[in-house]
Amino acid sequence: MKAAYITQTGPPEVIQFGDLPDPKPSRKQCLIKVAAVDVNPIDVYVRSGIIPAKLSFPWILGRDLAGTVLEAGTSVKRFKPGDRVWASNQGTDGRPGTFTELASVDEQWLNVIPEGVSEQEAVALSLVGITAHLGLMRDARLKSGETIFVNGGSGGVGSAVLQMAKALGARVVTTAGTDEKVRICRELGADLALNYKAQDVDAAIKEFAPQGLNVWWETVREPNFERAVPLLSLRGRMVVMAGRDARPTFPVGPFYVKDCSLYGFAMFNAAPREQRAAATDINQWLSERKLKARIDRVLHLSQAAEAHRIQEESSVRKTGALAGKIVLTT
Ligand SMILES: NC(=O)c1ccc[n+]([C@@H]2O[C@H](COP(=O)([O-])OP(=O)(O)OC[C@H]3O[C@@H](n4cnc5c(N)ncnc54)[C@H](OP(=O)(O)O)[C@@H]3O)[C@@H](O)[C@H]2O)c1
């Protein structure tokens with residue numbers, strides 16, 4: 001099979017596209033003909049070595065996939081050949097990556113792709129969709145009628161959080177770095193979308209939510225608690241999920257006297273059962289078109305190095321090169 005892989009960490013040029021041995025599925029696994037994969041910032045951090053990870057070379061890139069079951073192992077109960085499926089949380093914890101033409105995936109990580117939903121859409125909402133779901137439902141417990149601020153609403157995670165919050169009946173205020181991305185946020189359903197480079201975001205939030213924000217979802221790697229805490233409501237919740245090196249100051253007094261809570265999580269820690277519960281809702285909302293994939297561009301798997309270069313520009317150098325996901329087809 002063809003695959004995109006590395007034999008050492010480094011810049012995007014270390015990515016090779018070539019032949020690797022076909023995987024051999026176990027009894028608990030399905031062999032998948034991969035149709036589409038996507039890029040997440042974590043792929044860039046691991047490939048570049050920014051986040052040191054235990055890698056065995058050749059290391060296949062990628063966390064998510066969507067495709068068709070070719071073979072189902074003898075213990076597999078929920079899938080049969082021909083089923084269209086998506087999966088996330090591969091390429092970690094000893095599981096091989098997804099940037100391949102063929103992949104063996106444990107049944108516990110697989111979800112059906114709903115009718116009428118393409119492989120590209122499903123894969124583009126896999127890791128970011130599960131992340132959004134865990135943070136909103138399991139942790140912040142966002143309720144209908146509440147107000148949420150999503151800092152970075154046109155990105156992969158932010159666009160999923162924004163749409164799920166709307167599906168849950170919340171009011172959404174969000175930010176983006178250009179007027180075009182602000183327009184995208186409005187299109188995705190934001191009640192108020194602001195250009196964080198050109199507008200006084202905090203003043204607009206105060207006007208939009210005079211009682212304070214019920215939830216602040218931070219997607220940027222440098223959370224600013226001095227800014228966020230005063231804007232939270234009584235019993236406000238804040239979600240942080242990026243910025244491993246971030247060590248910001250924290251205003252303890254203003255935080256606890258309002259009974260606020262802070263949630264941090266990494267989606268890769270969630271058990272398969274938790275991830276499948278998230279996938280069930282994601283599939284439902286995808287079918288109902290309440291959730292739409294925010295795909296910035298589609299490339300071919302052989303262009304994995306180019307895809308990483310663009311993602312790195314956007315995520316690490318913050319050039320704003322992307323508005324959503326890069327999807328790669330096989
Ligand atoms: N903990 C977890 O489980 C988990 C899961 C997924 C992702 N993550 C992490 O979450 C982060 C976001 O991931 P992603 O896939 O959404 O990345 P992304 O698609 O690159 O989006 C990044 C977002 O940040 C926004 N942004 C950048 N600077 C900003 C600023 N100063 N103010 C407001 N917004 C700003 C960008 O907006 P503009 O382009 O408009 O500037 C963009 O919307 C990454 O660090 C990723 O590693 C963590």
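When a ligand or atom number is given, it counts from 1 through the structure's own listing order.
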Identify, with sequence neighbours excluded, every residue that meets side-chain hydrogen bond (donor to acceptor under 3.5 Å, both in side chains) alongside T131.
->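 Once residues adjacent in sequence are excluded, T131 has no partner under the side-chain hydrogen bond (donor to acceptor under 3.5 Å, both in side chains) criterion.
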With a 4.0 Å cut-off on heavy atoms, does Q311 reach ligand 1?
-> yes
What residue and heavy atom of the protein are closest to [atom], and at what distance?
| atom | result |
| --- | --- |
| atom 33 (C) of ligand 1 | N151 OD1, 3.3 Å |
| atom 40 (O) of ligand 1 | G177 N, 2.7 Å |
| atom 42 (C) of ligand 1 | G155 CA, 4.0 Å |
| atom 3 (O) of ligand 1 | M267 N, 2.6 Å |
| atom 5 (C) of ligand 1 | T131 OG1, 3.3 Å |

Is the shortest N/O to N/O distance between [X] and ligand 1 below 3.5 Å?
| X | value |
| --- | --- |
| M241 | yes |
| G156 | yes |
| R221 | no |
| A242 | no |
| L127 | no |
| V157 | yes |
| F265 | yes |
| Y196 | yes |

Check: K80 main-chain N/O paired with D83 side-chain donor or acceptor under 3.5 Å = yes
What I want to find out is whether [X] reaches [Y] closely enough, with some N-O distance under 4.0 Å, to be called a salt bridge.
| X | Y | answer |
| --- | --- | --- |
| E107 | R78 | yes |
| R309 | E312 | no |
| D19 | K2 | yes |
| K166 | D191 | yes |

Step by step, would you call E121 with R289 a salt bridge (Lys or Arg N to Asp or Glu O under 4.0 Å)?
-> CA-CA 11 Å; E121 285 176 286; R289 310 308 294 158; 2.8 Å; yes
Under-4.0 Å heavy-atom contact with ligand 1, by part of [X] that carries it:
| X | result |
| --- | --- |
| Y45 | side chain |
| T219 | both |
| K181 | side chain |
| V220 | side chain |

Those atoms of ligand 1 less than 4.0 Å from some heavy atom in [X]:
| X | result |
| --- | --- |
| S315 | 20 (O) |
| G152 | 25 (C), 34 (N), 43 (O) |
| K318 | 28 (N) |
| P41 | 13 (O), 14 (P), 15 (O), 17 (O), 44 (C), 46 (C), 47 (O) |
| A266 | 1 (N), 2 (C), 3 (O) |

Atom pairs and distances, donor-acceptor, side-chain atoms in residues 4-14, under 3.5 Å, two or more places apart:
| from | atom 1 | to | atom 2 | distance (Å) |
| --- | --- | --- | --- | --- |
| Y5 | OH | Q16 | OE1 | 3.4 |
| T7 | OG1 | Q16 | NE2 | 3.2 |

List the steps and the verdict of side-chain contact (heavy atoms from CB on, under 4.5 Å) for M267 and V157.
-> CA-CA 11 Å; M267 70 80 72; V157 174; over 6 Å; no
H133 vs W285 aromatic rings, parallel, tilted or perpendicular, using cut-offs 30° and 60°?
->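 Tilted: the ring planes of H133 and W285 meet at 30° to 60°.
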Separation between OG1 of T174 and CD1 of I148, rounded to the nearest 0.5 Å = 9.0 Å
Option passing ring-ring contact (aromatic ring centres under 6.0 Å, His included) with F149 (candidates W217, W216, Y196) = W216
Between R237 and Y263, is NZ or CZ placed under 6.0 angstrom from the six-membered ring centre and within 45° of the ring axis?
->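 Checked: cation-pi criterion not met.
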Evaluation steps, side-chain contact (heavy atoms from CB on, under 4.5 Å), between R244 and Y45 = CA-CA 11 Å; R244 292 194 190 204; Y45 308 149; 5.9 Å; no
Please say which of L70, L110, V105 ends up in a side chain to side chain contact (heavy atoms under 4.5 Å, CB included) with C30.
->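 Looking at L70, L110, V105, the match for C30 under the side chain to side chain contact (heavy atoms under 4.5 Å, CB included) is L110.
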Determine, counting only non-hydrogen atoms of the protein, whether one lies under 4.0 angstrom from atom 44 (C) of ligand 1.
->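 Under 4.0 Å from atom 44 (C) of ligand 1, at least one protein heavy atom found.
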Within the structure, does at least one protein heavy atom fall under 4.0 Å of atom 22 (C) of ligand 1?
->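 It does not: no protein heavy atom is found less than 4.0 Å away from atom 22 (C) of ligand 1.
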